[in-house]
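Everything on this sheet refers to the single structure shown next.
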Amino acid sequence: EAGVTQFPSHSVIEKGQTVTLRCDPISGHDNLYWYRRVMGKEIKFLLHFVKESKQDESGMPNNRFLAERTGGTYSTLKVQPAELEDSGVYFCASSQIGGFGANVLTFGAGSRLTVL
Amino acid sequence: GEDVEQSLFLSVREGDSSVINCTYTDSSSTYLYWYKQEPGAGLQLLTYIFSNMDMKQDQRLTVLLNKKDKHLSLRIADTQTGDSAIYFCAEVMGTSYGKLTFGQGTILTVHP
């Protein structure tokens, strides 16, 4: 079974530019999550998709961030325009749908974003 | 509010036991998790414990949960150099499906 795949692994852009991060979840996983770790701090929740619908986007920092999940498959996270404080590692995770028991998330390797 | 705290560094000798500690503030946590991150890799789930349990053992890993003190620990027996990594504890509330609150991570260094 292929894991959660993220692309690019590392992106270096200048302040004001746009970057799009992509996440391919495990096939069949309806839940898709975005998290990020900024400056060695804790990993913070950004948002949660169930299939193509945004279930919870309470962690999105501001309107410069736009997440989409076309057809309930892969997801993209666009940052436009990027600011210095957006630098960090963006993790994607997926899990199967289910309402009981531990929701076991499988994480990707992350996309490191450096804004200069 | 939600807050999960861990000590930042732990250094042990190969063969010794490692104990990584975590405290959390939200008493409504339902599941608590331990994740491991090796360099260049994603977060790997090591184990998790349901909030009504006190202990869970899985091979070299032992998780202890003290709900009264809101304290979680991960003990790694016979620590190996391959265990060197960042270890994150995380909690989730029953109403926040998949919305994990992570600690800052503990960097475990195992010396030969």
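Below, read A as the first sequence line, B as the second, and so on, with proteins coming before strands; counting in each chain starts at 1. All heavy atoms count here, side chains included; hydrogens, waters and symmetry mates do not.
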Partner of F102(B) by ring pair (Phe, Tyr, Trp, His ring centres under 6.0 Å), out of F45(A), Y35(A), F91(A): Y35(A)

hydrophobic_cluster_shared for V92(B) and Y87(B), side chain cutoff 4.5 Å: yes

L43(B), part contacting chain A, at a heavy-atom distance under 4.5 Å: both

K15(A) atom NZ, neighbour heavy-atom count above 12 within 6.0 Å: no

Closest heavy-atom pair and its distance - A109(A), G40(B): CB-O, 4.0 Å

Close side-chain approach of D56(A) to K99(B), heavy-atom, < 4.5 Å: yes

Within-4.5 Å side-chain heavy-atom neighbours: Y35(B) and I43(A): no

Atom group of Q37(B) that falls short of 4.5 Å from chain A, counting heavy atoms: side chain

Atom NZ of K44(A) with >12 non-hydrogen neighbours under 6.0 angstrom: no

R37(A) portion near chain B, given a 4.5 angstrom heavy-atom threshold: side chain

Region of L8(B) in contact with chain A, defined by heavy-atom distances below 4.5 Å: neither

hydrophobic_cluster_shared for Y24(B) and Y48(B), side chain cutoff 4.5 Å: yes

Part of S58(A) lying under 4.5 Å from any heavy atom of chain B: side chain

Interface residue of largest heavy-atom contact number with chain B, from G110(A), G108(A), G59(A), A93(A), under 4.5 Å: G108(A)

Taking every non-hydrogen atom, the tightest pair across E42(A) and Q104(B): OE1-CG, 3.6 Å

F7(A), CZ atom: more than 12 neighbouring heavy atoms under 6.0 Å: no

Cluster overlap Y74(A) with L32(A), hydrophobic side-chain contacts below 4.5 Å: no

Gap between atom CG of L100(B) and atom OH of Y33(A) - 0.5 Å precision: 8.5 Å

Linked, directly or transitively: L21(A) and M60(A) (ILVMFWY side chains, under 4.5 Å): yes

Shared hydrophobic cluster for L64(B) and Y33(B) (ILVMFWY, side-chain gaps under 4.5 Å): no

